[in-house]
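Predicted, not measured: the structure shown is a model, and the values here were computed from it. Chain identifiers are assigned alphabetically (A, B, ...) following the order of the sequence lines, protein sequences preceding nucleic acid strands; residue numbering begins at 1 within each chain.
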4 protein chains.
Amino acid sequence: MSSREKHSQLLDTAERLFALKGFEGTSVRDIADEAGVNIAMISYYFGSKEKLMEALFEKRIGHIKMRVENLLKDSSLSSIQKVEMLIEEYVERVMRDKQFHRIMVCEQIINKNPAIINLLKEIKLKNASIIGELIKDGQKKGEFKKKVDVVMLLSVMVGIVTQLMINHDYYRDFNKLQDTPDPEFEKLLQNRVSSYIKKIFKALLVNES
Amino acid sequence: MSSREKHSQLLDTAERLFALKGFEGTSVRDIADEAGVNIAMISYYFGSKEKLMEALFEKRIGHIKMRVENLLKDSSLSSIQKVEMLIEEYVERVMRDKQFHRIMVCEQIINKNPAIINLLKEIKLKNASIIGELIKDGQKKGEFKKKVDVVMLLSVMVGIVTQLMINHDYYRDFNKLQDTPDPEFEKLLQNRVSSYIKKIFKALLVNES
Amino acid sequence: MSSREKHSQLLDTAERLFALKGFEGTSVRDIADEAGVNIAMISYYFGSKEKLMEALFEKRIGHIKMRVENLLKDSSLSSIQKVEMLIEEYVERVMRDKQFHRIMVCEQIINKNPAIINLLKEIKLKNASIIGELIKDGQKKGEFKKKVDVVMLLSVMVGIVTQLMINHDYYRDFNKLQDTPDPEFEKLLQNRVSSYIKKIFKALLVNES
Amino acid sequence: MSSREKHSQLLDTAERLFALKGFEGTSVRDIADEAGVNIAMISYYFGSKEKLMEALFEKRIGHIKMRVENLLKDSSLSSIQKVEMLIEEYVERVMRDKQFHRIMVCEQIINKNPAIINLLKEIKLKNASIIGELIKDGQKKGEFKKKVDVVMLLSVMVGIVTQLMINHDYYRDFNKLQDTPDPEFEKLLQNRVSSYIKKIFKALLVNES
DNA sequence: CATGAATGAGTCTTCATTCAT
DNA sequence: AATGAATGAAGACTCATTCAT
């Protein structure tokens, strides 16, 4: 196993275990053992357990950033179409990176590590401003309502997705979808969540006329 | 300090610290010290740190149960009114018991303690069935749409409230409400969240006609 | 073994091992094992390895303080007699507490622990001022020379005693005193050191007339 | 940086850090980093951390040897003059190589490394025999007293110098010499120490008549 | 019934050294 | 000859729990 591979193996294992047992509930020994790597490598590569966590956030945080630069420029799309694409992308991303999203939720609640808190604050502000731009654009075009609470809107989207990630298995049980194969259920849930959020956003954003 | 008082003091302190630093991040010594109680009392009263957590859940879990028994029977209210009252009550409850709600979110994600997991599953099923009844009632009366995804609906409500609890301070900053006094801001946020969820529920539930 | 005994046993063992292998060269496990005490007791009793060291200093530091309050008041003694008694007492004390004195010398040189550095500075200043008083008294009485460098004088005494403590075995070998029994040699060395320092002090202090 | 330079750089840095933090308190990584040299070089060049220390002693130990070969032969000088020159040289040497002297004192006290202990024993014996010769010479010439305790005499010199090296800053403070520039104070202290030791040696050695 | 004292297992981290290149 | 990467051992310390009183 090469240096790069070990590095990456450690990050992956850490992500899995942090999501499963929490940061404090996971020992560096657990991570090293499961990654098949010497325990000292964690300090060697990352400096400390905390820094390992930060490295994990830095690796994954790009996945959280709204990638809408191109979207914003595309004049062939209506504002609501842009918003819908954004929702789809976000839902897909969270469902794909469930483990990291779980870690992130807990970390926001417990907020101990200042480096991570800052990283998240930064991301949130950036996302809010991007969405804000998109909405202003829609307002100019007369597509969207005049008064829109951006943070509330984002909280709606993020909250719903997060909650359904948490209720993932429970949703399956309650709706008697245990026999649906995993990937199919994932797709189904993802679509439902997407379409729900879109519906909600329409109700909250679009001028009814 | 009497036995009852110590017991209660320990639970309160544990709740505060678990919400602040997480379960694993909080030591029984921290709890005992801050509660002004001998460390051995935690094992003595509750059996173990895990059992203390379970006791906390058992104490607070009533707060999570939807209290709709009376609501359901009241024939003077329309279904949508009942739903709105339910939303208001839930939002108020979460915002009041923020600390416990924080703990609960993390515990659902990390899910290590089976006793708690079962407790939560039970609660969720019960809540879903109660809401299910309410909705069926509304459907019979023709107020609500035919097809309603109950778990999705609950996830929308819970997700939004949770996310705004997490974003509490960030929401304040972003909307330049730092100067609004604490209790006033709490009330404001609570109202906004309530009215948003109500609006969303209407859009998802009510027959447009 | 009672609590007090363990406490004391740890201090004694620590003193022995610190004198033998230095502070950094001694592990808390070494100390605990040799003291026949659980390793966790060191943190439990003292807080940390450093605090254990500080406790050791606080216990022994009284031994270093010049105990001359009574001496100073005694008007039946001449100033030079007082100085001689002081020397005797100091030499005896250092030779008795060799282990601690060894630790102290190293700690002054390496000076890492600020608490100990301050303790030592304080002691040094106090000792210097006490000796200063004694000397001023002798000067008033015309017994001592006008110009006396107090710190230099103390350094002479402390330096000589320390050096002979260090050269203890070597002195024995060089002077072919291997066959002299331990306690006898100790006494002999102590007397020689005392009388040497007295002689030197006389030469440095007393008015030749 | 050439091989020689790295070698030398490592020795210098080690000397500085050992004097500052002690042998055990200094890690090979510290040394290598501060020397700007790869960590592996220490084992590579010297074999081990202990061997590095030994190399340091071998490099510096010449500085400790009394250099009196020429002095002894010079018939134009009186014995007491020779002794005085020797004292001056020694004081100057210690004050110049303070760092190494600090290390040496600690190493004598802790005595863990047998190689170094032997080296020091050898040096001490040699120094004692050289001084012994000088004294015997003075005795033959009738300049010195009959009975002289050589090791005691050396201990007096070494002890005083060492103690003033340790009390360096404290001496400055106590005598309100903080404003005297560094090199000037060094010179001043060196002169005072020299003259004190000379005075003492005279009192102990020279026949009063 | 209540508790101060005690403990062994576990935590993260650092260490000097070695090895493959 | 020289080194970046790697490692097992050891470091100090904290933990939840237990037990004698």
Donor-acceptor contacts, no H, no angles, side chain residues 30-43 of chain D, under 3.5 Å, sequence neighbours left out:
unit_1	atom_1	unit_2	atom_2	d
D:Asp30	OD1	D:Ser27	OG	3.4
D:Asp30	OD2	D:Lys21	NZ	2.9
D:Asp30	OD2	D:Ser27	OG	3.4
D:Glu34	OE1	D:Arg16	NH1	3.3
D:Glu34	OE1	D:Arg16	NH2	2.7
D:Asn38	OD1	D:Ala40	N	2.7

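Across the protein-nucleic acid pair, C:Phe46 atom CZ and E:dA5 atom C1' stand 14 Å apart, rounded to whole Å. Going from atom CD1 of B:Ile31 over to atom P of F:dT17 covers 10 Å, rounded to whole Å. Following rounding to the nearest Å, C:Ile42 (CD1) and F:dG11 (C1') show an atom-to-atom distance of 13 Å. Distance, B:Met53 CE to F:dA16 P: 13 Å, rounded to whole Å. In this structure, A:Leu10 atom CG and F:dA5 atom P are separated by 15 Å, rounded to whole Å. Regarding D:Asp30, its CG atom lies at a distance of 11 Å from the C1' atom of E:dT14, rounded to whole Å. Atom C1' of nucleotide E:dA16 and atom OH of D:Tyr45 are separated by 18 Å, given to the nearest angstrom. We find that NE2 of A:His7 is positioned 16 Å from C1' of F:dG4, with the value rounded to whole Å.
In terms of position along DNA chain F, the nucleotide closest to D:Asn38 lies nearer the 5' end than the nucleotide closest to the other residue of the pair D:Asn38 and C:Phe23. Between A:Thr26 and B:Val37, it is B:Val37 whose nearest contact on DNA chain E lies nearer the 5' terminus. Each of A:Ile39 and C:Arg29 was assigned the nucleotide of DNA chain F with the nearest heavy atom; the assignment lying further toward the 5' end belongs to A:Ile39. Across the interface with DNA chain E, nearest-nucleotide mapping of C:Ser3 and D:Ser43 shows C:Ser3 to be the residue nearer the 5′ end.
Regarding contacts with the backbone of E:dT11, a side-chain N or O of A:Ser27 is found under 4.0 angstrom from either OP1 or OP2. Dashed line: the shortest gap from a side-chain N or O of B:Lys6 to OP1 or OP2 of E:dC1 is not under 4.0 Å. One finds no side-chain N or O of B:Lys51 lying less than 4.0 angstrom from the OP1 or OP2 phosphate oxygen of F:dT17. At the phosphate of E:dT3, neither OP1 nor OP2 sits under 4.0 Å from any side-chain N or O atom of B:Tyr44.
Annotation: cation-pi geometry satisfied between C:Lys49 and C:Phe23 (NZ/CZ under 6.0 angstrom from ring centroid, within 45° of ring axis).
Under a 4.0 Å N-O distance rule, the pair C:Asp12/C:Lys59 qualifies as a salt bridge.
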Applying side chain to side chain contact (heavy atoms under 4.5 Å, CB included), run through A:Lys112 and A:Glu24 and close with a yes or a no.
CA-CA 11 Å; A:Lys112 212 190 64 180; A:Glu24 301 272 1; 2.8 Å; yes
Given the rule that a pair is Watson-Crick or G-U wobble with both distances under 3.5 Å, how would you write DNA chain F in dot-bracket, using | for pairs to a different strand?
.||||||||||||||||||||
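Between A:Phe100 and A:Phe57, the ring planes lie perpendicular to each other; the angle is over 60°, past the 30° to 60° tilted range.
In this structure, a donor-acceptor pair under 3.5 Å is present between the side chains of D:Asn113 and D:Glu54.
The side chain of C:Val28 sits closest to F:dA12 out of E:dA16, E:dT13, F:dA12. With E:dA2, F:dC13, F:dC19 as the candidates, the nucleotide lying closest to the side chain of B:Ala40 is F:dC19.
For D:Lys98, the NZ atom is densely surrounded, since the number of other residues' heavy atoms within 6.0 Å is greater than 12.
Of the possible polar contacts, none joining the B:Ser8 side chain to the B:Arg4 backbone as a donor-acceptor pair under 3.5 Å is found.
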